[in-house]
Structure formats: C-alpha cells, structure tokens
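See structure below.
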Amino acid sequence: MEVRSEGIQVRCDKLQSPVIPRTRLRIWFIRVCSSIVVWTCLVQLVTVSELWHSHLISGITNGIYHITQVQLPIQEDNGVAQSPPVFLPPRNYTSNGFLRVSCNGGLNQMRAAICDMVTVARFLNLTLVVPELDKTSFWADPRDEVRIVKRVPKKFSSKHGYATLEMPPVSWSNEIYYLEQILPLFGKHKVLHFNKTDTRLANNGLPLYLQKLRCRVNYQALKFTPQIENLGHKLIQMLHEKGPFVALHLRYEMDMLAFSGCTYGCTDKEAEELKQLRYAFPWWREKEIISDERRSQGLCPLTPEEAALVLRALGFGRETQIYIAAGEIYGGERRLAQLRALFPRIVKKETLLTWDDLQQFQNHSSQMAALDFMVSAASNAFVPTYDGNMAKLVEGHRRYSGFKKTILLDRKKVVELVDMHQNGTLSWIEFADAVRRVHEKRIAQPTRRRVILDKPKEEDYFYANPHECLCEETNCDDLLGPRNSSQVSS
C-alpha cells in the first residue's frame, strides 16, 4: 500500500486596499493561511488513518506486526548474536489486479498457505487482499514485498460491472503455471478469489528468490496476534525457569484417531465411537479401516504408552520436564498414566496457566494450537508422534533457528520394536539399543529436500526443510552435501 501526500503550495500576493486597514488585512491573511494549513493536516491525517486501519483488521485478524529495517541482533540459546535478516529495498509496481484468498484447513495449513499466496502475489505483481482465515489466528504485513489492502475497492465490485472469478489453483504448481495460466485471467477479471489455498505451490523447482521469499514471510513477517504471542512467551519463560524441557507433540486426540482409523489401545466402546465420528464426516474418504494394518505401516500416531517407552529408550530420565503439545488426549488421564509414571514432570498449558489466562482462547482450537506451536518451536528438544502439518512446520522453524534438536520417530519401526518388547522377544536393554540405533540419523540434520518427480505429495515438504534458506549457494554443498542422484527419485 502506498500513501502519496503532495504538498500544497499557497501563494499570497500583496493586497492593497484603501478601505481595509493594514492591521485587519494582516489578520485576515493569517486566518486564511492558517485555515489552509489546518485543512491540509486534516486531509493527511485521514489518509494516514485509512492506511493504519487497513492493517488493524477486526473479525478476521486481531493484530499486526510491522517488520522494520532496524532490528536488534537475534540472541540464540548459546548467547551468540546473529546478524539481523536482510530485507529487499521497498518496491514500487503497478498492480495487475486483486487477489483474494480463503485459507482452508487447520492452523498450520493456513500459515503455509498465507506464505505461498504472498509469494504468488509478489511474483505476479498483484494486490493481495487480507486473507480470510478459517479461524482468527494471525496475520502480519510482509513489509514492502506485496501491496496489501483490507478489501477490494468498491469500484471493482459487481455493481460497477466487474465479476470476481472464483477458483482453486492447481495443487503443487510452479511459477510457470501462475505466470501462464493465472496471470492472463486478470486481463478479463480484475479480481480473482482462490477459494482453496493449501499446497498450491510446489515444493521444489522454484527460483531461489521465490523460495527465499516464502521463508521471509514465514519466519520473519508472519506473527501471531499480540494476545497469543504474549501468552506464548509467558509459557516459554515459565518452562525455562524450571530447566530444559522436551515438547512432546502427542497427537492422540479424538479427531486424529477418528480420521486415521487408529484404535490401538482403545476399548471396544471407544473404537466404535471413533468409527461413528469418522462416518459422520463425508470428506474423510476411507470408511472401513483395519487399525492393526494401519498401525503396522506406521500410519498411526503413537499412543501415550508407546511414546513413554520410546522416550525412556532414547535416554530421557524421570527428571525430564515434558510439555505435552496437544489438545485433549483421548481417554484422558487414564491414557496418560504410564507416561506420567515414567516422567512425573509432565506439564500442559492447562496446568501451567490460570483459567483467566486461557479463557479468551477456550473453544478456539487454532488459537490453543498456536500456543503449543510457539512452545514447541522454543523447546530444547521436540518429539512429534505423528507427521502432521504442525510437526512439519515446527521442524522447519527449528531447522531455520540453527537445527535445534528434533527427533523424527520412525513409527513403523517403533511399533515393531514395541510389540517385540511387550511379547518378550526383546529385553529392555535390547529394545532400548534398537530404538537408539534406528534414530541415530533421524535428528533433523542439515540435508537437501527429497525430490520425487511427478509425485509432489510424497516429496519432503518445503516448510519442514526449507534448505534453500539455510545457507548461501556458495556454502550449501558444505552444509547440506553435494547434489547427487539419490536426491531425485522417479
């Protein structure tokens, strides 16, 4: 958005009148000039007010952060100050049209979608309308990369003969698709509405400057609302005051179990309840699911009991402070009993914060998930029990922040080892040794993203490993290793 203010030059010639005394003439002159100055100030105040209020969005967003060129050095955990991020200079361009987007999915799908849509708007020289979110969670202006407005100007409404084109862009598309298929549409339609935005930009094969822009939006521009940010930082401070902590992303929640069809460890009554919930949602494609087969394939979130055994095998002791980053665990405290017995220092946001702290976020699952996201990104170690969107985005944040310790569990191998230990095939020592060997190289080390030609869904996700943003081209080979044929599969 641009505000252009033009000075008003007032020229007052000498006035001579035999009727009006010189003193009264002077007073009249001062009043006229003062009135002009006051009106000029009022006009500029209104203009600035419009700009200001275009960012303070109510209903869709609750807060906004501005990225400025002057920033303090970033302090890492080791106390070493890093240089502030380098921003591109302000950019003036003629807009090709207005892009409206409706972000679908959960918190982290929407977050990634915003980053992608800002990148598309930047590439096509479009004016981006503040995204519509499934839930009010976050939004911030990525500085001067993209022109952003609160709403489409009235002159481009249907009342004035303009029709908005509604469409979902093709999933996993590269910049050529947007340049050749989308941009020409603005010749006829000044406003396009992308009504679905999840996974609409490719993981791989995009120009380096577009990949780096996705990172700038995600890691530097996009912030949660002040209420979430403040409470999240309070949580993090409370945890750090009690020592190092592990964030366990325990996805053993009712909706996840129903969606995945995983009922291992549940009673017959619970299994039936989860089945009925899955049938209640027509867009959950698979109806008949064999839970044991799904679990053996590594497609189920680990149970709290399995997570307890794995954490202990990996060397975490009873004194370890564990923050459970999750919603309500299915089965409640009964299912957490074994985990709590092995790790008594288990905490959750509900036990650390007061009711007054959390009441504004109650019944807003995306906002509660945002608190868990912040804590998980700041933890000393992060262990996800399922590779959903939050786990992937937290992994990417931790890579971007200096490859903080993230343990990516091999669920297929884990459940095999757990079953062998529980049926007596493996002793505890053998089980623990096997678990550690399996995960020696699964600590989110620097690596290039995997590319699978014609199968983008099976590729490593860009936001889990934005390797282009983690090094300069001159030292990428030193950090990530040289490119080789194993990076590309067919």
Side-chain angles (χ1 to χ4, degrees), residues 1 54-64 95-142 145-154 156-159 162-173 175 177-178 181-183 185-186 188-202 213-214 217-218 221-225 228 255 281-284 364-367 369-370 373 388-390 392-393 457 461-463:
M1 299 175 63
S54 71
H55 291 288
L56 295 178
I57 309 303
S58 58
I60 296 178
T61 61
N62 289 331
I64 188 167
S95 175
N96 289 319
F98 294 87
L99 177 61
R100 287 181 53 211
V101 297
S102 295
C103 298
N104 59 300
L107 170 75
N108 294 287
Q109 283 175 288
M110 291 190 290
R111 183 185 185 104
I114 288 173
C115 299
D116 286 350
M117 292 302 105
V118 170
T119 303
V120 170
R122 167 67 169 81
F123 179 63
L124 299 182
N125 279 359
L126 302 176
T127 298
L128 182 67
V129 181
V130 172
E132 302 165 8
L133 306 182
D134 281 354
K135 302 287 175 116
T136 300
S137 298
F138 54 79
W139 172 252
D141 185 343
E145 296 286 357
V146 174
R147 185 177 300 168
I148 301 172
V149 295
K150 180 179 178 180
R151 61 179 65 89
V152 177
K154 291 182 180 179
F156 294 112
S157 66
S158 56
K159 181 179 179 181
Y162 290 93
T164 298
L165 177 61
E166 304 259 349
M167 63 173 292
V170 176
S171 297
W172 309 111
S173 297
E175 84 283 7
Y177 163 80
Y178 285 98
Q181 302 295 322
I182 298 300
L183 184 58
L185 297 176
F186 285 93
K188 180 179 180 181
H189 306 273
K190 291 301 293 182
V191 183
L192 255 65
H193 179 202
F194 287 167
N195 47 28
K196 288 186 179 180
T197 55
D198 61 321
T199 64
R200 305 294 154 161
L201 200 55
L213 175 57
R214 295 169 89 178
V217 178
N218 190 29
L222 203 54
K223 303 290 182 183
F224 294 111
T225 60
I228 294 174
D255 60 340
F281 292 91
W283 52 87
W284 287 0
H364 297 283
S365 57
S366 289
Q367 296 181 19
F373 182 96
N389 289 300
M390 176 168 163
K392 291 175 181 176
L393 264 75
K457 290 184 180 180
Y461 189 41
F462 172 82
Y463 291 106

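The residues of the chain are indexed from 1 along the displayed sequence.
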Just so I know, are the side chains of L183 and N96 near enough to count as touching, which here means a heavy-atom distance under 4.5 Å?
yes

Strictly distance-based, threshold 3.5 Å: is any side-chain N or O of R147 a donor or acceptor partner for the main-chain N or O of L126?
no

Just how far is it from atom CG of L128 to atom CD1 of I148, taken to the nearest 0.5 Å?
5.5 Å

State, yes or no, whether a side-chain contact exists between F194 and D116 at a heavy-atom distance under 4.5 Å.
no

With heavy-atom distances below 4.5 Å as the criterion, would you say the side chains of V130 and V149 are in contact?
no

Exercise: do D198 and N104 side chains pair donor with acceptor under 3.5 Å
yes

Give a yes/no verdict on a cation-pi contact between R214 and F462, requiring under 6.0 Å between NZ or CZ and the six-membered ring centre and an angle within 45° of the axis.
yes

Using 0.5 Å steps for rounding, measure from the CG atom of D255 to the CZ atom of F281.
8.5 Å

If you define the side chain from C-beta out and look only at heavy atoms, does anything of L201 sit under 4.5 Å from T119?
yes

When you compare the side chain of I114 with that of N218, does any pair of heavy atoms fall below 4.5 Å?
no

Here the pair of heavy atoms bringing V146 nearest to V118 is CG2-O, 3.5 Å

Distance check, rounded to the nearest 0.5 Å: C115 atom SG versus M110 atom CE?
12.5 Å

Given side chains that start at C-beta, do those of R100 and V191 come closer than 4.5 Å, heavy atoms only?
yes

Under the side-chain hydrogen bond (donor to acceptor under 3.5 Å, both in side chains) test, which residues partner Q181, sequence neighbours left out?
none

Hey, is the main chain of G106 close enough, under 3.5 Å, to the side chain of Q109 for a donor-acceptor pair?
yes

Could you check if a side-chain atom of R111 sits within less than 4.5 angstrom of a side-chain atom of L222, using non-hydrogen atoms only?
yes

Walk me through whether H189 and T164 qualify under side-chain hydrogen bond (donor to acceptor under 3.5 Å, both in side chains).
CA-CA 6 Å; H189 306 273; T164 298; over 6 Å; no

Classify the angle between the aromatic ring planes of F373 and F224 as parallel (below 30°), tilted (30 to 60°) or perpendicular (above 60°).
perpendicular

Check the pair S102 / H193 against side chain to side chain contact (heavy atoms under 4.5 Å, CB included), numbers first and verdict last.
CA-CA 8 Å; S102 295; H193 179 202; 2.7 Å; yes

Hey, does I182 have a side-chain heavy atom less than 4.5 Å from the side chain of M167?
yes

Spatial distance of atom NZ (K457) from atom CH2 (W172) [nearest 0.5 Å]:
8.0 Å

Is R200 close enough and on-axis enough to Y177, meaning under 6.0 Å and within 45°, for cation-pi?
no

Would the Y178 and F123 ring centres measure less than 6.0 Å apart?
no

Minimum-distance pair of heavy atoms, taken over all atoms of S95 and T127
OG-OG1, 2.8 Å

When rounded to the nearest 0.5 angstrom, what distance separates CG in L124 from CZ in F186?
7.0 Å

Run the side chain to side chain contact (heavy atoms under 4.5 Å, CB included) check on I228 and Q367 step by step: do they pass?
CA-CA 7 Å; I228 294 174; Q367 296 181 19; 4.1 Å; yes

Could you grab the distance from atom CG of L99 to atom OG1 of T197, nearest 0.5 Å is fine?
10.0 Å

